[in-house]
Amino acid sequence: LIGEIKDIDNDSMENFEHEEIDYAIYHLKSGFFATQGQCNCEERAFFSEGTIEGEELECASCSKIFNITSGEPVGILEALPIKIYETKCGYNRL
């Protein structure tokens, strides 16, 4: 468990570290999602510094855009997908 559902505002994300792995947790209109916490780019920028629009995330450093729900890059064929993780919500906790 990482916290209360109400702690992550709609259309926002939070970084979360567990066992030395960084995660990004998103609260979108379509639900809660989790991805790796840093971009695959050389700068390894934290996704929390990026911009969310709908279900897409733009890295603040390299400007690559990823689909938060699938991890797939948007419009850039040579970009590697980002890892996504299953989320579970219960009793108002994530």
Side-chain angles (χ1 to χ4, degrees):
L1 294 175
I2 64 165
E4 303 260 338
I5 289 174
K6 65 180 173 67
D7 292 340
I8 303 176
D9 295 332
N10 284 328
D11 296 322
S12 70
M13 77 179 95
E14 296 289 332
N15 272 359
F16 174 71
E17 183 181 325
H18 178 67
E19 296 181 2
E20 299 183 19
I21 297 174
D22 291 309
Y23 300 90
I25 309 298
Y26 309 85
H27 185 182
L28 307 178
K29 287 179 179 61
S30 53
F32 285 91
F33 300 90
T35 69
Q36 64 192 54
Q38 295 171 288
C39 187
N40 296 327
C41 66
E42 186 176 319
E43 292 81 10
R44 306 274 306 147
F46 283 96
F47 284 133
S48 61
E49 298 169 1
T51 304
I52 297 175
E53 188 166 323
E55 292 185 345
E56 295 180 349
L57 167 68
E58 181 177 356
C59 174
S61 182
C62 69
S63 299
K64 290 179 183 168
I65 299 173
F66 300 92
N67 181 289
I68 294 167
T69 63
S70 70
E72 293 298 318
V74 175
I76 303 173
L77 298 177
E78 70 274 2
L80 295 173
I82 58 173
K83 292 179 186 175
I84 59 170
Y85 301 94
E86 181 181 1
T87 59
K88 293 183 182 182
C89 299
Y91 302 106
N92 292 324
R93 297 189 59 83
L94 179 68

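Numbers here are sequence positions counted from 1. Note that the structure is a prediction, hence the values are computed from the model and not measured.
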*Share the residues that join Ile84 in a hydrophobic cluster, the rule being Ile, Leu, Val, Met, Phe, Trp or Tyr side chains under 4.5 Å apart at the heavy-atom level.*
none
_Partner set under side chain to side chain donor-acceptor pair (under 3.5 Å) for Asp22, not counting sequence neighbours_ = none
*Measuring from Asn15:CG to Tyr23:OH, what's the distance to the nearest 0.5 Å?*
12.5 Å
*Which heavy atom in Arg44 sits nearest to a heavy atom in Gln38, and how many Å separate them?*
O-NE2, 3.0 Å
*Say you draw a straight line from SG of Cys41 to CG of Leu80; how long is it, rounded to the nearest 0.5 Å?*
11.5 Å
*Remaining members of Phe46's ILVMFWY cluster at a side-chain heavy-atom cut-off under 4.5 Å?*
none
*At their closest point, which heavy atom of Ala34 faces which heavy atom of Ile25, and how far apart are they?*
CB-CD1, 3.7 Å
_Donor-acceptor under 3.5 Å (Gln36 side chain, Ile82 main chain)_ = no
For residues 50-60, tabulate all N or O donor-acceptor pairs below 3.5 Å that involve a side-chain atom, not counting sequence neighbours.
| residue | atom | partner | partner atom | Å |
| --- | --- | --- | --- | --- |
| Glu55 | OE2 | Ser30 | OG | 2.5 |

Identify each donor-acceptor pair in which a side-chain atom of residues 61-70 lies under 3.5 Å from a protein atom, sequence neighbours left out, and give them as a table.
| residue | atom | partner | partner atom | Å |
| --- | --- | --- | --- | --- |
| Ser61 | OG | Glu43 | OE1 | 3.3 |
| Asn67 | OD1 | Thr69 | N | 2.8 |
| Asn67 | OD1 | Thr69 | OG1 | 2.5 |
| Asn67 | OD1 | Ser70 | N | 2.9 |
| Asn67 | OD1 | Ser70 | OG | 3.4 |
| Ser70 | OG | Glu72 | N | 3.2 |

